[in-house]
Enquirer: 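Supplied in structure tokens, the structure appears directly below.
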Amino acid sequence: GLVSGAAPDADQLVQEVVKLILASITGDERLLPPVRELIAGLKPALLQLARSDLHFFSDKQHPARQLLEELAQHSFAYERVEAEGFAEFLADMRDTLARLNPAAGASETFERVLVRLRHIWVQAEQRRRVQQQAAVQALQQAEKRNQLARQIAGHIRKQPGTVLVPDLVVDFACGPWAQVMAQA
């Protein structure tokens, strides 16, 4: 009846189904409270969309359904509000979802927002990879420096005159000074 428009109280059914969809998503305990609030805040736009585009209910590939799914899925990457990157993620979501005007309520609007969010997420993933790669390179460089410093310290300790040098000087030459030489 809802799909055919023959139901006498179609608007009430639309409201109830949208409410159930949002309750199902926001009821997931893995979603952080700010994300729940953002998704719940989509209710007016989803109601307007559902009233004018009943494919929202029947098409699993509908842009609005994909948007809801992807918002939830991407937010699962953050276990805490204080997690690194969550504030940026939330700000991007707020900024992008603000473009969903409840009066517009067209699937094209949801499609544009979804495309924009996907673009933002791809860029964020690329930045994360670059940062991760830089961190790996820094760790590799530090390991090489430490290995070379150990070799320099071993070479210093093997020198025949080292036994005549005070321990404080040898410790300095084999510790901090070996690190400086390895870095150079």
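All values below come from the heavy atoms of this structure, side chains included, with hydrogens, waters and symmetry mates left out. Source: prediction; values computed, not measured.
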Enquirer: Do Lys158 and Thr162 touch side chain to side chain, with heavy atoms closer than 4.5 Å?
Expert: no
Enquirer: Assess whether side-chain contact (heavy atoms from CB on, under 4.5 Å) is satisfied between Leu71 and Leu38, documenting all intermediate values.
Expert: CA-CA 9 Å; Leu71 286 173; Leu38 276 175; over 6 Å; no
Enquirer: Compare all side-chain heavy atoms of Met93 with those of His74 and state whether any distance is below 4.5 angstrom.
Expert: no
Enquirer: Ile120 versus Asp95: any side-chain heavy-atom pair under 4.5 Å?
Expert: no
Enquirer: Nearest 0.5 Å, please: how far is NZ in Lys19 from NZ in Lys43?
Expert: 6.0 Å
Enquirer: Do His62 and Ser107 come close enough that some side-chain heavy atom pair is under 4.5 Å?
Expert: yes
Enquirer: Just wondering, more than 12 heavy atoms not from Glu84 lying within 6.0 Å of its CD?
Expert: no
Enquirer: Determine whether Gln151 and His155 satisfy the following criterion, side-chain hydrogen bond (donor to acceptor under 3.5 Å, both in side chains), listing intermediate values before the conclusion.
Expert: CA-CA 6 Å; Gln151 289 174 353; His155 183 68; over 6 Å; no
Enquirer: Decide yes or no for Ile152 and Trp177: does some side-chain heavy atom of the first lie under 4.5 Å from some side-chain heavy atom of the second?
Expert: no
Enquirer: When the side chains of residues 124-136 are checked against the rest of the protein, which donor-acceptor pairs come out under 3.5 Å, sequence neighbours left out?
Expert:
residue : atom : partner : partner atom : Å
Glu125  : OE1  : Arg128  : NE           : 3.2
Glu125  : OE2  : Arg128  : NE           : 3.4
Glu125  : OE2  : Arg128  : NH2          : 2.4
Glu125  : OE2  : Arg129  : NE           : 3.4
Arg127  : NH2  : Glu88   : OE2          : 2.7
Arg128  : NH1  : Gln132  : OE1          : 3.2

Enquirer: Can you tell whether the side chains of Asp92 and Arg116 come within less than 4.0 Å, N to carboxylate O?
Expert: no
Enquirer: Above 12 or not: heavy atoms from other molecules or residues under 6.0 Å from CG of Leu168?
Expert: no
Enquirer: Before accepting this row, confirm whether a basic side-chain N of the pair Arg94/Glu37 lies closer than 4.0 Å to the acidic partner's carboxylate O.
Expert: no
Enquirer: Please examine the side chains of Leu46 and Ile21, heavy atoms only from C-beta on, and report whether any two atoms are closer than 4.5 Å.
Expert: no
Enquirer: How about Thr26 and Val35: do any of their side-chain heavy atoms sit closer than 4.5 Å?
Expert: no
Enquirer: Go through the steps for Leu32 and Phe89 under the test side-chain contact (heavy atoms from CB on, under 4.5 Å), then give the verdict.
Expert: CA-CA 12 Å; Leu32 297 173; Phe89 169 78; over 6 Å; no
Enquirer: If we ignore angles and hydrogens, is there a donor and acceptor under 3.5 Å between the side chains of Glu69 and Gln73?
Expert: yes
Enquirer: Taking a hydrophobic cluster as the set of Ile, Leu, Val, Met, Phe, Trp and Tyr residues connected by side-chain heavy atoms closer than 4.5 Å, whether directly or through intermediates, do Val115 and Leu49 fall within one such cluster?
Expert: no
Enquirer: Which pair of non-hydrogen atoms, one from Gln61 and one from Asp59, has the smallest distance, and what is that distance?
Expert: N-OD1, 2.9 Å
Enquirer: What's the shortest heavy-atom distance between Ala50 and Val18, and which atoms?
Expert: CB-CG2, 3.8 Å
Enquirer: Is a side-chain N or O of Gln179 found less than 3.5 angstrom from the main chain of Gly175, in a donor-acceptor match?
Expert: no
Enquirer: For Glu82, enumerate each residue passing the salt bridge (Lys or Arg N to Asp or Glu O under 4.0 Å) test, keeping only those at least two apart in sequence or located in another chain.
Expert: Arg80
Enquirer: A side-chain contact here means heavy atoms from C-beta on lying under 4.5 Å apart; do Glu111 and Leu67 qualify?
Expert: no
Enquirer: When you compare the side chains of His119 and Gln123, does any donor N or O come within less than 3.5 Å of an acceptor on the partner?
Expert: yes
Enquirer: Check Cys174 against Ala178 and note the closest heavy-atom contact, atom names and distance.
Expert: O-CB, 3.6 Å
Enquirer: Provide the closest heavy-atom pair for Glu29 versus Arg36 in the form atom of the first, atom of the second, distance.
Expert: CA-NH2, 3.2 Å
Enquirer: Locate the shortest heavy-atom distance separating Phe56 from Arg65; write the atom from each residue and the value.
Expert: O-CD, 2.8 Å
Enquirer: Quick one: do Val169 and Val180 end up in the same hydrophobic cluster if we chain Ile, Leu, Val, Met, Phe, Trp and Tyr together by side-chain heavy atoms under 4.5 Å apart?
Expert: no
Enquirer: Sequence neighbours excluded, which residues qualify as salt bridge (Lys or Arg N to Asp or Glu O under 4.0 Å) partners of Arg118?
Expert: Glu70
Enquirer: At what distance, to the nearest 0.5 angstrom, does CZ of Arg30 lie from CG of Asp28?
Expert: 4.0 Å
Enquirer: With the 4.5 Å side-chain cut-off for hydrophobic clustering, are Val170 and Met181 part of the same group?
Expert: no
Enquirer: Are Leu114 and Phe76 connected in a single hydrophobic cluster, I mean Ile/Leu/Val/Met/Phe/Trp/Tyr linked by side-chain heavy atoms less than 4.5 Å apart?
Expert: yes
